[in-house]
Chemist: 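Input: one structure, supplied below.
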Amino acid sequence: MTSLVQHITIDCADAYRLALFWSEVLGAPLSDDDAPGDPEALVETPGAALLFVTVPEPKRAKNRVHLDIRPEDRTRDAEVERLLALGATLVADHRKPNGRGWATLADPEGNEFCVECGAAERAALTGTRLPVTADDVTLAVRLAADTLATSPEADWHIPAGSLTWDCWETVEHLGDDLFAYAVQLGPRTPPLESEVPYRWRADREGGPRNSVFANPEAGTAGLLQTLEASGALLAAMVRTASPALRSYHSYGVSDPEGFAAMGVVETLVHTHDVAAGLSLSWTPPRDLCDRVLARLFPDAPDDEDRWTVLLWSTGRADLPGRDRLTAWKWHGAPPAR
C-alpha cells in the first residue's frame with residue numbers, strides 16, 4: 001500500500017485571511033467550519049486541499065516548495081493581472097512569447113508561487129494539438145443530458161434519426177459505450193487483444209448489444225441518470241489512469257486520452273441521432289469537436305464548421321465537395337510523437 005497527500009499545509013501569520021486569498025485564486029470554497037481568527041483554515045481544492053495554519057514564526061527565506069498554477073479560461077498574462085489585483089505581488093518575470101516560462105508571484109504573506117500558460121493557450125502559441133481530457137467527457141455528457149432532458153416526448157421508443165434503434169435504445173447504448181471504455185482502463189494489466197469480458201446481449205433482435213441497461217420503470221429521467229453515471233465513470237478513469245496505459249479497442253490499442261475522445265464522439269453523434277428523433281436542436285461546442293477530430297480523425301477536412309466535419313466523418317452528414325461516407329472508423333492508436 002502507498003500513502004496519499006491529504007493536505008498541502010502552509011504556515012502563515014493569519015490562516016483565515018490567507019485562505020480567503022487562495023480561495024479567490026483557485027475558485028475553491030473555504031471549509032464551512034472556518035471563521036476569522038481560527039488558527040487553521042482549509043481551502044477545499046480538488047485532490048489535496050490547502051490547509052493554512054497560523055504559526056508565530058515569520059517567513060525568513062524563499063520557500064523550498066511552491067505551487068505552480070495555470071488558468072483554464074484566460075491567458076497567462078490576464079491571470080497574472082487578476083492575481084495582482086487580488087493582492088499578489090510580482091517577484092520575477094520569466095515569461096516567454098512562445099508560451100514557455102512563468103511569472104513568479106508572492107501571496108499577501110510572501111509565499112512564492114508561479115503562473116504558467118494553460119493548455120489551450122500553450123497549444124495555440126506552439127501550434128500543437130490540444131489533448132482531449134476527462135473534463136471534455138464530463139462536458140459532453142452534461143450537455144447531452146441537459147439537452148435531452150428538455151424533450152416533451154413521453155415515449156422515447158421512436159426512431160433515433162437515421163438509426164434502426166429507437167431513442168431509448170440509443171441513449172442506453174451510449175451509456176453502455178461510456179461504461180465499456182471506462183472498464184478497459186480498469187484492470188491492473190489492461191487487455192491488449194480483447195475487451196474486458198463482460199457479457200453482452202440485445203433486448204431484441206436488431207437492437208444494440210449492451211452490458212448495462214437502464215430500468216424502464218425509472219422512465220427517461222432514470223435513463224439519463226444512467227448516462228451521466230457512465231460518463232462519470234469514464235471521466236474518473238481517464239483522470240486517474242497513467243498516460244502510458246494501453247488497452248484494447250477494435251480500432252487500435254489506445255491510451256486514456258483516446259478512450260476519452262471515443263467517449264466524447266459517441267456522446268456527440270448519438271445525441272445528434274436522438275435529438276433528430278425527438279425534434280431537438282443540438283450543436284455541441286466547436287472547440288470540443290475540433291479536439292476529438294484532431295485526436296481520432298487526423299485526416300479530416302479542415303472546414304471551418306467542425307461539428308459538420310465530425311458528422312461527415314461519422315457518416316451522418318454531407319460536406320460540400322466530398323462524397324458522403326458510407327463506412328468509417330477512427331484512429332484509436334495514440335499518435336506518434
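In this text, all values refer to a predicted model and were calculated from it rather than measured experimentally. We're numbering straight along the sequence, starting at 1. Values below: every heavy atom of this structure, side chains too, minus hydrogens, waters and symmetry copies.
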Chemist: Indicate the ring-plane relationship of Trp22 and Phe113, choosing parallel, tilted or perpendicular according to the 30° and 60° boundaries.
Modeler: perpendicular
Chemist: Heavy-atom count around Tyr198 OH within 6.0 Å, excluding the residue itself: above 12?
Modeler: no
Chemist: Met262 vs Ser254, test: side chain to side chain contact (heavy atoms under 4.5 Å, CB included). Steps then yes/no.
Modeler: CA-CA 10 Å; Met262 295 176 207; Ser254 198; 3.5 Å; yes
Chemist: Do the side chains of Leu18 and Leu84 join up, straight or via other hydrophobic residues, at under 4.5 Å, putting them in one cluster?
Modeler: yes
Chemist: If you define the side chain from C-beta out and look only at heavy atoms, does anything of Pro334 sit under 4.5 Å from Glu257?
Modeler: no
Chemist: Let's go through Leu319 and Asp303 carefully: what are the C-alpha distance in whole Å and the side-chain angles of both, what is the deciding distance for side chain to side chain contact (heavy atoms under 4.5 Å, CB included) to 0.1 Å, and is it a yes or a no?
Modeler: CA-CA 9 Å; Leu319 208 56; Asp303 298 48; 4.0 Å; yes
Chemist: Measuring only between side-chain heavy atoms, which start at C-beta, is Trp307 closer than 4.5 Å to Leu268?
Modeler: yes
Chemist: Would you mind reporting whether Leu296 and His331 have side-chain heavy atoms less than 4.5 Å apart?
Modeler: no
Chemist: Any chance CZ of Arg199 has more than 12 other-residue heavy atoms, nucleotides or ligands included, within less than 6.0 Å?
Modeler: no
Chemist: Mark yes or no for whether Arg82, through its side chain, and Val25, through its backbone, hold a donor-acceptor pair below 3.5 Å.
Modeler: yes
Chemist: Where the side chain of Gln184 meets the backbone of Glu195, is there a donor-acceptor pair that is under 3.5 Å apart?
Modeler: no
Chemist: Return the CG to CG distance between Leu288 and Leu310, rounded to the nearest 0.5 Å.
Modeler: 9.0 Å
Chemist: Which pair of heavy atoms, one from Asp38 and one from Ala15, lies closest together, and at what distance?
Modeler: O-CB, 4.0 Å
Chemist: Has Arg74 got more than 12 heavy atoms of other residues, nucleotides or ligands less than 6.0 Å from its CZ?
Modeler: yes
Chemist: Evaluate His157 against Cys167 for side chain to side chain contact (heavy atoms under 4.5 Å, CB included), listing each step before the verdict.
Modeler: CA-CA 6 Å; His157 294 289; Cys167 292; over 6 Å; no
Chemist: Donor-acceptor pair, Glu109 side chain versus Asp14 backbone, under 3.5 Å?
Modeler: yes
Chemist: Got a second to check how far Trp156's CH2 is from Asp166's CG, nearest 0.5 Å?
Modeler: 11.0 Å
Chemist: Side-chain contact, heavy-atom cut-off 4.5 Å: Glu44 with Leu30?
Modeler: no
Chemist: Please, which pairs that meet side-chain hydrogen bond (donor to acceptor under 3.5 Å, both in side chains) have at least one residue in residues 207-230, sequence neighbours excluded?
Modeler: Trp200-Ser211
Chemist: Assigning hydrophobic clusters by single linkage (Ile, Leu, Val, Met, Phe, Trp, Tyr; side-chain heavy-atom cutoff under 4.5 Å), is Leu227 placed with Leu139?
Modeler: yes
Chemist: Is the side chain of Glu153 donor-acceptor paired with the backbone N or O of Leu278 at a distance under 3.5 Å, no angle test?
Modeler: no
Chemist: Spell out, as yes or no, whether a donor-acceptor pair under 3.5 Å connects the side chain of Glu112 to the backbone of Asn63.
Modeler: yes
Chemist: Working to the nearest 0.5 Å, report the span between CG of Asp299 and CG of Leu293.
Modeler: 11.5 Å
Chemist: Run the side chain to side chain donor-acceptor pair (under 3.5 Å) test on Glu40 and Tyr16 for me, step by step, so that the C-alpha distance in whole Å, both residues' side-chain angles and the decisive distance to 0.1 Å come before the verdict.
Modeler: CA-CA 7 Å; Glu40 299 179 0; Tyr16 190 81; over 6 Å; no
Chemist: Salt bridge between Arg142 and Asp146, side-chain N to carboxylate O under 4.0 Å?
Modeler: no
Chemist: Tell me whether Glu121 contacts the main-chain N or O of Arg76 through its side chain, where contact means a donor paired with an acceptor under 3.5 Å.
Modeler: yes
Chemist: Within a reach of under 6.0 Å around CH2 of Trp102, are more than 12 heavy atoms found that belong to other residues, nucleotides or ligands?
Modeler: no
Chemist: Would you list the atom pairs, donor with acceptor, under 3.5 Å between side chains in residues 90-97 and any protein atom, with sequence neighbours excluded?
Modeler:
unit_1: Asp93; atom_1: OD1; unit_2: Arg95; atom_2: N; d: 3.1
unit_1: Asp93; atom_1: OD1; unit_2: Arg95; atom_2: NE; d: 2.9
unit_1: Asp93; atom_1: OD2; unit_2: Arg95; atom_2: NE; d: 3.3
unit_1: Asp93; atom_1: OD2; unit_2: Arg95; atom_2: NH2; d: 2.7
unit_1: Arg95; atom_1: NH1; unit_2: Asp77; atom_2: OD1; d: 2.9

Chemist: Quick one, Trp328 and Ser313 - any side-chain contact, counting heavy atoms below 4.5 Å?
Modeler: no
Chemist: Quick one: hydrophobic cluster around Leu192, which other residues, with the 4.5 Å side-chain cut-off, linked directly or via members?
Modeler: Val253
Chemist: Going only through I, L, V, M, F, W and Y residues with side-chain contacts under 4.5 Å, is there a path from Leu174 to Tyr251?
Modeler: yes
Chemist: Within this structure, what is the CG-CE distance for the pair Leu178 and Met237, rounded to the nearest 0.5 Å?
Modeler: 13.5 Å
Chemist: Using a 3.5 Å distance criterion without hydrogens, assess whether the side chain of Arg316 forms a donor-acceptor pair with backbone atoms of Thr314.
Modeler: yes
Chemist: So which atom in Leu223 and which in Ala214 form the shortest heavy-atom distance, rounded to 0.1 Å?
Modeler: CD1-CB, 3.7 Å
Chemist: Mind checking the CG-CD spacing from Leu83 to Glu24? Nearest 0.5 Å is all I need.
Modeler: 10.5 Å
Chemist: Would you say that Arg204 contacts Glu169 through its side chain, given a criterion of any heavy-atom pair below 4.5 Å between the two side chains?
Modeler: yes
Chemist: Do Val274 and Thr170 have side chains that approach each other closer than 4.5 Å (heavy atoms only, starting at C-beta)?
Modeler: yes
Chemist: Determine whether Leu67 and Val115 fall in the same hydrophobic cluster, where Ile, Leu, Val, Met, Phe, Trp and Tyr are linked whenever their side-chain heavy atoms lie under 4.5 Å apart.
Modeler: yes
Chemist: Tell me whether Thr147 contacts the main-chain N or O of Trp282 through its side chain, where contact means a donor paired with an acceptor under 3.5 Å.
Modeler: no
Chemist: Evaluate salt bridge (charged side-chain N to carboxylate O under 4.0 Å, His left out) for Arg239 paired with Asp135, printing each intermediate quantity in order.
Modeler: CA-CA 8 Å; Arg239 185 170 284 112; Asp135 289 340; 2.6 Å; yes
Chemist: Between Leu51 and Leu20, is there a shared hydrophobic cluster once you connect ILVMFWY residues whose side-chain heavy atoms come closer than 4.5 Å?
Modeler: no
Chemist: Can you see which heavy atom on Pro71 is nearest to which on Thr75, and at what distance?
Modeler: CG-O, 3.8 Å
Chemist: Does the side chain of Cys289 come within less than 4.5 Å of Val309's, by heavy atoms?
Modeler: no
Chemist: What heavy-atom pair brings Ala202 and Gly207 nearest, and what distance separates the two atoms?
Modeler: CB-O, 3.6 Å
Chemist: Between Arg295 and Asp255, does the salt bridge (charged side-chain N to carboxylate O under 4.0 Å, His left out) criterion hold? Intermediate values first, please.
Modeler: CA-CA 11 Å; Arg295 174 60 178 83; Asp255 60 349; 2.8 Å; yes
Chemist: For Arg286 and Glu304, indicate whether the former's side chain and the latter's backbone hold a donor-acceptor pair under 3.5 Å.
Modeler: yes
Chemist: Could you tell me whether the side chain of Arg122 and the main chain of Leu130 form a donor-acceptor pair under 3.5 Å?
Modeler: no
Chemist: Decide if the gap between the ring center of Trp168 and the ring center of His173 is smaller than 6.0 angstrom.
Modeler: no
Chemist: Is the distance between the ring centroids of Phe297 and Trp312 less than 6.0 Å?
Modeler: no
Chemist: Could you state the interatomic distance from CD (Glu79) to CD1 (Ile69), rounded to the nearest 0.5 Å?
Modeler: 5.5 Å
Chemist: Determine, step by step, whether Leu26 and Leu50 satisfy the side chain to side chain contact (heavy atoms under 4.5 Å, CB included) criterion, reporting the C-alpha distance in whole Å, the side-chain angles of both residues, the deciding distance to 0.1 Å, and the verdict.
Modeler: CA-CA 10 Å; Leu26 301 174; Leu50 299 185; 3.6 Å; yes
Chemist: Is the count of non-hydrogen atoms from other residues, nucleotides or ligands lying under 6.0 Å from Asp155 atom CG greater than 12?
Modeler: yes
Chemist: Determine, for Phe213 and Arg201, whether the Lys NZ or Arg CZ falls below 6.0 Å from the six-membered ring centre while staying within 45 degrees of the axis.
Modeler: yes
